[in-house]
Amino acid sequence: MWIIFGLLAIAATLFNLYTFSVGRDYKLPMAIALSLTALTVCADYSYLSVWVEAEDWSALADVVPGMGRAWWVLTSISILLNMLPIFLERSMKKRRL
């Protein structure tokens, strides 16, 4: 499930950037993309909790250290990309003044 949410989050982020580039309101796509990013992390956490319940410690030891770093990086990138239109819009307003 986390893969589906992740792919949807990427698509929503690209749609967010597209709507900004064509001059449309980008706030709803931004909210959807950030929400899907959060759901991706939650779904992955739920997936890992299944391994904890099954006491599959070797799988956890293999996956969790790398995934922890990956989720921090990917979530940070998602936040930055989805907030990029806000920063660009502010800089364009400053140039007009």
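These numbers come from the heavy atoms of this one structure, side chains and all, not from hydrogens, waters or symmetry mates.
- The minimum heavy-atom distance linking Trp2 with Met67 is given by the pair CH2-CE, 4.5 Å.
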Practice prompt. Could you check Thr19 against Asp25 for side chain to side chain contact (heavy atoms under 4.5 Å, CB included), going step by step and ending with a plain yes or no?
Written response: CA-CA 7 Å; Thr19 54; Asp25 186 21; over 6 Å; no
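- Here the side chains of Val52 and Trp57 are in contact, with some heavy-atom distance below 4.5 Å.
- Taking hydrophobic clusters as Ile, Leu, Val, Met, Phe, Trp and Tyr residues chained together by side-chain heavy-atom distances below 4.5 Å, Phe5 does not share a cluster with Leu14.
- Using a 3.5 Å distance cut-off with no hydrogens or angles, the side chains of Ser58 and Asp62 do not pair a donor with an acceptor.
- Both Leu17 and Tyr26 belong to a common hydrophobic cluster when Ile, Leu, Val, Met, Phe, Trp and Tyr are linked at side-chain heavy-atom distances under 4.5 angstrom.
- Side-chain contact between Ile77 and Leu81: present, with at least one pair of heavy atoms (C-beta onward) separated by less than 4.5 Å.
- Under a hydrophobic-cluster definition in which Ile, Leu, Val, Met, Phe, Trp and Tyr are linked whenever side-chain heavy atoms come within less than 4.5 Å, directly or via other members, Val63 and Tyr47 are assigned to the same cluster.
- Once rounded to the nearest 0.5 Å, the distance linking OG of Ser35 with CG of Leu28 reads 9.5 Å.
- When the side chains of ILVMFWY residues are joined at heavy-atom separations under 4.5 Å, either directly or via intervening members, Ile79 and Val41 end up in two distinct hydrophobic clusters.
- Atom CD1 of Ile32 is separated from atom OG1 of Thr37 by 12.0 Å, given to the nearest 0.5 angstrom.
- Residues Ile86 and Met30 are in side-chain contact: their nearest non-hydrogen atoms beyond the backbone lie under 4.5 Å apart.
- Looking only at side-chain heavy atoms (C-beta outward), Tyr18 and Val22 come within less than 4.5 Å of each other.
- Within the 3.5 Å criterion, the main-chain N or O of Leu88 finds a donor-acceptor partner in the side chain of Ser91.
- Here Asn16 contributes atom CG and Leu84 contributes atom CG; the two are 8.5 Å apart, rounded to the nearest 0.5 Å.
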Fill in: Working for side chain to side chain contact (heavy atoms under 4.5 Å, CB included), residues Trp71 and Tyr45
CA-CA 10 Å; Trp71 284 127; Tyr45 183 81; over 6 Å; no
Worksheet item: Could you walk me through whether Asp56 and Leu60 pass the side chain to side chain contact (heavy atoms under 4.5 Å, CB included) check?
Response: CA-CA 7 Å; Asp56 192 353; Leu60 287 167; 5.7 Å; no
Discussion item. For Trp51 and Val64: C-alpha separation, side-chain torsions, deciding distance, then whether side chain to side chain contact (heavy atoms under 4.5 Å, CB included) applies.
Written reply: CA-CA 11 Å; Trp51 288 351; Val64 171; 5.9 Å; no
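- Hydrophobic clustering, with ILVMFWY side chains joined whenever heavy atoms are under 4.5 angstrom apart, keeps Leu34 apart from Leu80.
- Between the Thr40 side chain and the Leu36 main chain, a donor and an acceptor come within less than 3.5 Å of each other.
- For the atom pair CE of Met92 and CZ of Arg90, the computed distance is 12.5 Å after rounding to the nearest 0.5 Å.
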